[in-house]
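The structure appears right after this line, and notes come after that.
Order of the sequence lines fixes the chain letters, A, B, ..., with proteins taken first and strands second; residue numbering starts at 1 for each chain. Excluded from the calculations below are hydrogen atoms, water molecules and symmetry mates; all remaining heavy atoms, backbone and side chain alike, are included.
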Amino acid sequence: EAQVTQNPRYLITVTGKKLTVTCSQNMNHEYMSWYRQDPGLGLRQIYYSMNVEVTDKGDVPEGYKVSRKEKRNFPLILESPSPNQTSLYFCASSLQGTGEKLFFGSGTQLSVL
Amino acid sequence: RKEVEQDPGPFNVPEGATVAFNCTYSNSASQSFFWYRQDCRKEPKLLMSVYSSGNEDGRFTAQLNRASQYISLLIRDSKLSDSATYLCVSTHGGNQFYFGTGTSLTVIP
């Protein structure tokens, strides 16, 4: 089944404790991206990647890192999480980029205490 | 200024009603447009792409007005299952997707 797999679904952590949210797609998509969703602000893009070893900042990249060492994986790293990073996070992919449909993972609800 | 703006609603309509949502975009160079549907706290799913000539998919019709920089979504014969948040999306050459904050629809029996 074609899908974007994102883990974990829920995560509670404390300020400053490094964490990684994993994202993997099995559709051989070139484009992958991360979003955070907050009430009243909608979905905002954090980082995106057009291909292996190619990543770019979105609108809200501060406090986040990503890597794209393999085509299928695009992990989101929070080196030192802070409470303002408490949010609902989505990973998404598309075949080649912005002209095409985005497939989303099921989301990660992160709470930073 | 936000790239994409939507009326958040909520829109509460009876079953069988016709409802329309508009969405404005700020960048005249925007190239692609989409409507996504999102059920509460779940992942967004593509409802339909929006083409320059307008397009229809069953009860749903999407239109693009480049002169006024807005897109619209019309839902006819609303069903209870149409209750969701509808997200407007635009893109332009920078390889980013820009999402509106969403319009909430509740269809009432």
Original post:
Is the F21(B) ring parallel, tilted or perpendicular to the W35(B) ring (thresholds 30°, 60°)?
Top reply: tilted
Subject >> Parallel, tilted or perpendicular: rings of F104(A) and F90(A) (30°, 60°) >> reply: perpendicular
Original post:
Just by modelled atom types, is the V54(A) backbone N or O under 3.5 Å from a matching donor or acceptor in the S49(A) side chain?
Top reply: yes
With a 4.5 angstrom heavy-atom cut-off, could you sort out which part of [X] is near chain B: side chain, backbone, both or neither?
| X | answer |
| --- | --- |
| Q109(A) | side chain |
| Y31(A) | side chain |
| L43(A) | both |
| D59(A) | both |

With a 4.5 angstrom heavy-atom cut-off, could you sort out which part of [X] is near chain A: side chain, backbone, both or neither?
| X | result |
| --- | --- |
| K2(B) | side chain |
| P8(B) | neither |
| S32(B) | side chain |

Original post:
Should we say atom CD of Q6(B) is surrounded by more than 12 heavy atoms from elsewhere, each under 6.0 Å from it?
Top reply: yes
**OP:** Taking only Lys NZ, Arg NE, NH1 and NH2, and the carboxylate oxygens of Asp or Glu, determine whether E56(B) and R76(B) approach each other closer than 4.0 Å.
**Re:** yes
**OP:** For the pair N26(A) and Q3(A), evaluate side chain to side chain contact (heavy atoms under 4.5 Å, CB included) and give the outcome as yes or no after the intermediate values.
**Re:** CA-CA 6 Å; N26(A) 63 359; Q3(A) 60 185 359; 3.9 Å; yes
Subject >> Shared hydrophobic cluster, F34(B) / M32(A) (ILVMFWY, side-chain heavy atoms < 4.5 Å) >> reply: no
Original post:
When only pairs under 4.5 Å are counted, which of F99(B), F97(B), Y36(B) shares the most heavy-atom pairs with chain A?
Top reply: F97(B)
Subject >> Pairs of heavy atoms under 4.5 Å with chain A: top-ranked of L46(B), T85(B), V4(B) >> reply: L46(B)
Original post:
Among V4(A), L102(A), L88(A), which residue forms the greatest number of heavy-atom pairs with chain B at distances under 4.5 Å?
Top reply: L102(A)
